[in-house]
Asks: 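First the structure, then my questions, so here it is.
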Amino acid sequence: MNSKSVFELILSGEIESEVIYEDDDVFAINDINPVARVHILVIPKKKIATINNLNDSDVNLVGKMIMVAKQLAYELGIDNTGYRLLFNTNDDAMQTVFHIHLHLIGGQKLKDI
Ligand code: AMP
């Protein structure tokens with residue numbers, strides 16, 4: 001996939017979005033269409049289309065995404081009440097942006113999946 005993903009456009013400033021966390025490898029934004037009071041996307045700066053495209057060299061990157069989500073959950077005070085972390089992959093999961101991103105969802109009682 002050569003065209004820029006919406007997340008790359010956000011990172012380059014071509015699309016406006018408040019970046020709530022950033023380091024050398026990942027960044028985080030509030031989801032534009034939140035499904036709960038807290039709905040954050042943790043996104044690697046490296047564009048990887050789907051979880052299927054991960055390889056062994058991405059292990060630390062994916063681990064870091066989870067650690068950043070954990071830290072944001074703590075900072076938002078939802079670590080003890082609970083939250084959901086999820087990656088949608090391809091059509092059946094309704095993945096819409098083909099640049100992997102970890103959804104951090106919480107801040108309220110969530111429906112069963
Ligand atoms: P997925 O369905 O897992 O691919 O999730 C893509 C997510 O990106 C959806 O929850 C969208 O609401 C979100 N999204 C799309 N465009 C933007 C944007 N410009 N800013 C923030 N979130 C976005």
Side-chain angles (χ1 to χ4, degrees):
M1 242 181 259
N2 292 322
S3 58
K4 281 190 184 173
S5 71
V6 64
F7 300 145
E8 288 171 293
L9 293 172
I10 287 170
L11 199 55
S12 65
E14 291 165 82
I15 290 180
E16 202 173 330
S17 179
E18 187 191 356
V19 174
I20 58 175
Y21 174 85
E22 181 172 7
D23 63 29
D24 287 347
D25 304 310
V26 307
F27 65 107
I29 58 174
N30 285 307
D31 197 292
I32 203 169
N33 189 19
V35 299
R37 286 195 197 101
V38 173
H39 189 170
I40 290 170
L41 304 174
V42 180
I43 306 160
K45 291 185 174 178
K46 173 184 174 185
K47 182 182 179 184
I48 300 167
T50 80
I51 290 295
N52 292 334
N53 302 105
L54 287 173
N55 58 51
D56 288 347
S57 67
D58 298 315
V59 167
N60 286 345
L61 181 61
V62 175
K64 186 173 206 178
M65 291 170 71
I66 294 172
M67 294 304 281
V68 167
K70 172 194 134 172
Q71 180 63 21
L72 290 171
Y74 168 75
E75 288 173 11
L76 291 165
I78 62 166
D79 52 335
N80 288 325
T81 48
Y83 54 91
R84 187 169 285 157
L85 298 181
L86 80 95
F87 289 100
N88 290 321
T89 301
N90 281 339
D91 286 352
D92 279 359
M94 299 178 71
Q95 182 178 1
T96 58
V97 179
F98 287 82
H99 177 154
I100 63 167
H101 47 282
L102 180 59
H103 293 258
L104 163 59
I105 299 167
Q108 65 186 72
K109 192 82 177 168
L110 300 173
K111 291 196 182 111
D112 228 355
I113 52 169

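Every number for a ligand or one of its atoms is a count from 1 in the order of the listing.
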Asks: What protein heavy atom lies closest to atom 5 (O) of ligand 1? Include the residue and the distance to one decimal.
Replies: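 Residue, atom and distance for the closest contact: H101 NE2, 2.9 Å.
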
Asks: Do you reckon L72 sits in the same ILVMFWY cluster as M65, going by side-chain contacts under 4.5 Å, direct or chained?
Replies: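 Same cluster.
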
Asks: Look at the side chain of H99 and the backbone N and O of P44, then say whether any donor-acceptor pair between them is shorter than 3.5 Å.
Replies: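 Yes; judged by distance alone, with no hydrogens or angles, the pair exists.
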
Asks: So, do R37 and I78 sit near enough that their side-chain heavy atoms are less than 4.5 Å apart?
Replies: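 No, every pair of side-chain atoms sits at 4.5 Å or beyond.
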
Asks: Spell out, yes or no, whether V42 and V97 are grouped together once hydrophobic residues are joined by side-chain heavy atoms under 4.5 Å, including indirect joins.
Replies: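 In one cluster: no.
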
Asks: For atom 14 (N) of ligand 1, state which one of T50, N30, I32 supplies the nearest heavy atom.
Replies: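 Comparing heavy atoms across T50, N30, I32, the nearest one to atom 14 (N) of ligand 1 lies in I32.
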
Asks: Within a distance under 4.0 Å of any heavy atom of Q95, pick out the atoms of ligand 1 and give their elements.
Replies: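 Those qualifying, in numeric order: 2 (O), 4 (O).
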
Asks: Please identify which of these residues, H101, E22, E8, meets the side-chain contact (heavy atoms from CB on, under 4.5 Å) condition with I43.
Replies: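 Only one option passes, and that is H101.
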
Asks: Flag I15 as yes when one of its N or O atoms lies below 3.5 Å from any N or O atom of ligand 1, and as no otherwise.
Replies: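 No, I15 has no N/O under 3.5 Å of an N/O on ligand 1.
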
Asks: For atom 8 (O) of ligand 1, what is the closest protein heavy atom, and at what distance to 0.1 Å?
Replies: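 The answer is L41 CD1, 3.6 Å.
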
Asks: So, 4.0 Å and heavy atoms of L9: is ligand 1 close enough to count as a contact?
Replies: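 It does not; every heavy atom stays at 4.0 Å or beyond.
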
Asks: So F27 and V68, do their side chains get closer than 4.5 Å, heavy atoms only?
Replies: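 Side chain of V68 against side chain of F27, heavy atoms only: no contact under 4.5 Å found.
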
Asks: Checking the side chain of K47 only, and the main-chain atoms of F7 only, is there a donor and an acceptor separated by less than 3.5 Å?
Replies: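 Not at all, since once roles are kept as given, no pair shorter than 3.5 Å links the two residues.
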
Asks: Decide whether the shortest distance between a heavy atom of V35 and an atom of ligand 1 is less than 4.0 Å.
Replies: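 No heavy atom of V35 comes that close to ligand 1.
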
Asks: Please list, chain by chain and in numerical order, all residues satisfying side-chain hydrogen bond (donor to acceptor under 3.5 Å, both in side chains) with N88, sequence neighbours excluded.
Replies: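 Here no residue qualifies.
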
Asks: Taking distance alone, with no angle check, do F7 and ligand 1 share an N/O pair under 3.5 Å?
Replies: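 No; every N/O pair is 3.5 Å or more apart.
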
Asks: At less than 4.0 angstrom from any non-hydrogen atom of H103, what atoms of ligand 1 do you find?
Replies: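 Going through ligand 1 atom by atom, the ones under 4.0 Å from H103 are 1 (P), 3 (O), 5 (O), 10 (O).
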
Asks: Going by the order shown, which atoms of ligand 1 are within less than 4.0 Å of some heavy atom of I10?
Replies: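 Per the distance check, 18 (C), 19 (N), 20 (N).
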
Asks: I need the atoms of ligand 1 closer than 4.0 Å to a non-hydrogen atom of N88, numbered in the order shown.
Replies: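 It comes down to these atoms of ligand 1: 1 (P), 2 (O), 3 (O).
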
Asks: Considering only the protein, which heavy-atom contact is closest to atom 4 (O) of ligand 1, and what is its distance?
Replies: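 For this ligand atom, the closest protein heavy atom is T96 N, 2.7 Å.
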
Asks: Identify which one of L110, L104, I105 satisfies the side-chain contact (heavy atoms from CB on, under 4.5 Å) criterion when paired with Y83.
Replies: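 It is L104, the one option of L110, L104, I105 that forms the side-chain contact (heavy atoms from CB on, under 4.5 Å) with Y83.
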
Asks: Hey, which atoms in ligand 1 end up nearer than 4.0 Å to a heavy atom of V97?
Replies: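 Taking each heavy atom of V97 in turn, ligand 1 has 4 (O), 6 (C) under 4.0 Å.
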
Asks: Could you name the option among D31, I100, N33 that has the heavy atom nearest to atom 11 (C) of ligand 1?
Replies: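 Heavy atom nearest to atom 11 (C) of ligand 1 belongs to D31.
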
Asks: Do you reckon L41 sits in the same ILVMFWY cluster as I15, going by side-chain contacts under 4.5 Å, direct or chained?
Replies: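 Result: yes, single cluster for both.
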
Asks: Measuring from atom 2 (O) of ligand 1, which candidate in E18, H99, H39, M94 has the nearest non-hydrogen atom?
Replies: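 Residue with the shortest heavy-atom distance to the ligand atom: M94.
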
